[in-house]
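Reading through the structure tokens given below for one structure.
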Number of protein chains: 4
Amino acid sequence: MLIHLDFQSDIPIYLQLKMQIIEGIATGKLKPGESLPSVRQFAEDLGINLHTVNKTYNLLKQDGFILVHRQKGVVVNPDEGPKVTEEYLTQLHTELRPMIIEAFCRGMSKEEFNKICSQIFLELKEKGEG
Amino acid sequence: MLIHLDFQSDIPIYLQLKMQIIEGIATGKLKPGESLPSVRQFAEDLGINLHTVNKTYNLLKQDGFILVHRQKGVVVNPDEGPKVTEEYLTQLHTELRPMIIEAFCRGMSKEEFNKICSQIFLELKEKGEG
Amino acid sequence: MLIHLDFQSDIPIYLQLKMQIIEGIATGKLKPGESLPSVRQFAEDLGINLHTVNKTYNLLKQDGFILVHRQKGVVVNPDEGPKVTEEYLTQLHTELRPMIIEAFCRGMSKEEFNKICSQIFLELKEKGEG
Amino acid sequence: MLIHLDFQSDIPIYLQLKMQIIEGIATGKLKPGESLPSVRQFAEDLGINLHTVNKTYNLLKQDGFILVHRQKGVVVNPDEGPKVTEEYLTQLHTELRPMIIEAFCRGMSKEEFNKICSQIFLELKEKGEG
DNA sequence: GTGGTCTAGACCACG
DNA sequence: GTGGTCTAGACCACC
């Protein structure tokens, strides 16, 4: 599992890391039940502080993507991960709305917008199958 | 033009304000050429800091949504506003990608996702016509 | 609002602090909408690190006991705080069960146990009214 | 005696084990004088570390739930087990208080709270008789 | 001034 | 060895 962090980005490192781990799970690069590096090991590998990795792990645990096994350490949730909850839909809507407003204001049609989304979906699927 | 700011939100006020002005333009509540309050006036009305309004106006000006005349004050761009530039598309893709990854990981299909987007588009259109 | 921390206790400081703030809210010593000290100020007053206070505040925010207002800083949730959710009931049950098992095993009757609970409830009520 | 350990739980394994043995005694699944597996055997059966079982046994011995004979091995205390001591009451109060404070703060009445406790007591009794 | 993030280095409980 | 907690000190965005 290759991680690339952009230290210049305005997106916090712990979030970049979170998203890339989720991507790994989404594309199947990280299988259910698979072990993740220990906070210390991962931090060293990535050249960041252990607390930053810890924060990422805590968020992922909270969302149900990973579990902290007392013997195996951190593992990808072997059962089904988090689903589309009511809470998640609300959050998604909140995040999506301002983006769509700006797209709309710039004259983008909903078809064009959906096409972009579909394209990203397809990329993920291909990665998963590839 | 009614503005509602959420001081509890983790979205900065200057961004909330920016999005709502863009929404006003998108839905036609703010017509091209229409005047916006002065920085000072707006800040007082909203009960926020003068610098915050300033930051919002600067961003909107930079994107081409508004014009700042030395004499006429701040007005909505009377000509056509910003379009779908290459740069904008890149940014949109960057913002959309992590959201779609998580949606995908939670088992949401691209059809479901597109449906949510379409719905938001329709809401905007209705507001514009209503 | 007087806080007493036991640095020898095996209960983490951030949890001790959390419980005492909740107690303050429960007994009315902290009114809805009232401000709490800034992380730095509070940390200094208590002689602990700012991150510890931060962790406490984050937990309380997550549970809905407090809000982080961009202007006023940290305040007690002015609207109704968190309620008895399904999730909370599950957690309560999980925490209560082992305690009751041991009490049962030591020959304590459910009447005796309930009496102790009721007593604690009454203490809280009196504090709230007093 | 069936033991189920949750390696994902934030409750240490040695405590989970302790509670389940106490529950066995409480419900009569473990009779006074009955033998418990040796540390080594138990650890192997449960797939956990030998030290973990040891720690559990030490705690149970300390509380008077079990006896450790040099020759007979580990047995459930054949005489009456631990009672409601002054010390135990203090500890119980200390553990119960923060839980009740939060329940109170969430608007739970002492009747509702007692009902939950009573329910757990009844479950135990039924298990004991069943 | 505020909270949010990151780093560095330490100790502890658990297994 | 692991994760959890705490400290100390720094920089940043926001207001």
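When reading the values below, keep in mind they use all heavy atoms of this one structure, side chains included, and skip hydrogens, waters and symmetry mates. Here is the naming used below: chain letters follow the sequence lines, and residue numbers restart at 1 for every chain.
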By nearest heavy atom, map Q41(C) and Y14(A) onto DNA chain E; which one lands nearer the 5' end? Q41(C)
Applying side-chain contact (heavy atoms from CB on, under 4.5 Å) to F65(B) and N77(B), what does each step give before you reach the verdict? CA-CA 6 Å; F65(B) 286 107; N77(B) 193 333; 6.0 Å; no
May I ask you to decide whether K29(A) forms a salt bridge with E23(A), counting only side-chain N to carboxylate O separations under 4.0 Å? no
Below 4.0 Å from chain A heavy atoms, what is the first contacting nucleotide of DNA chain E and what is the last? dT5(E) to dG15(E)
d(I48(B) CD1, F7(B) CZ) to nearest 0.5 Å is 6.5 Å
Could you tell me whether I13(B) contacts a base, only the sugar-phosphate backbone, or nothing, with contacts defined as non-hydrogen atoms closer than 4.0 Å? sugar-phosphate
Verify the contact: side-chain N or O of R70(C) to OP1 or OP2 of dC14(F), cut-off strictly under 4.0 Å; return yes or no. no
Which sits closer to the 5' end of DNA chain E, G47(A) or L36(C), going by the nucleotide each is nearest to? L36(C)
Identify, between L15(C) and L50(C), the residue whose nearest nucleotide on DNA chain F lies closer to the 5' end. L15(C)
Within the supplied structure, the quantity of interest is the number of heavy atoms (other residues, nucleotides, ligands) at a distance under 6.0 Å from K83(A) NZ; does it exceed 12? yes
Salt bridge check: are R40(B) and E44(B) linked by an N-O gap of less than 4.0 Å? no
Tell me: CG of D10(A) to P of dA13(F), nearest whole Å? 9 Å
Comparing nearest nucleotides in DNA chain F, the 5'-proximal residue of the pair I11(B), N49(C) is N49(C)
Between Q8(B) and H69(C), does any side-chain donor sit less than 3.5 Å from a side-chain acceptor? yes
Hey, mind stepping through Q91(C) and E95(C) against side chain to side chain donor-acceptor pair (under 3.5 Å) and telling me if it holds? CA-CA 6 Å; Q91(C) 184 213 324; E95(C) 289 175 353; 2.9 Å; yes
Identify, residue by residue, the members of residues 51-62 of chain A with a heavy atom below 4.0 Å from DNA chain F, and return them in order of residue number, or none. H51(A), N54(A), K61(A)
Verify whether one side chain among D45(D) and Q41(D) offers a donor that lies under 3.5 Å from an acceptor in the other. yes
For DNA chain F, which consecutive runs of 3 or more Watson-Crick or G-U pairs (each distance under 3.5 Å) count as stems? E:1-14 with F:1-14
Check whether Q16(B) reaches the backbone of D6(B) with its side chain - one donor and one acceptor, N or O, closer than 3.5 Å. yes
Show your working on side-chain contact (heavy atoms from CB on, under 4.5 Å) between L60(A) and K18(A) and close with a plain yes or no. CA-CA 7 Å; L60(A) 288 169; K18(A) 182 191 170 199; 3.6 Å; yes
Report the C-alpha separation of I21(A) and L17(A) in whole Å, then their side-chain angles, then the decisive distance to 0.1 Å, and conclude whether the side-chain contact (heavy atoms from CB on, under 4.5 Å) test is met. CA-CA 6 Å; I21(A) 291 176; L17(A) 185 52; 4.1 Å; yes
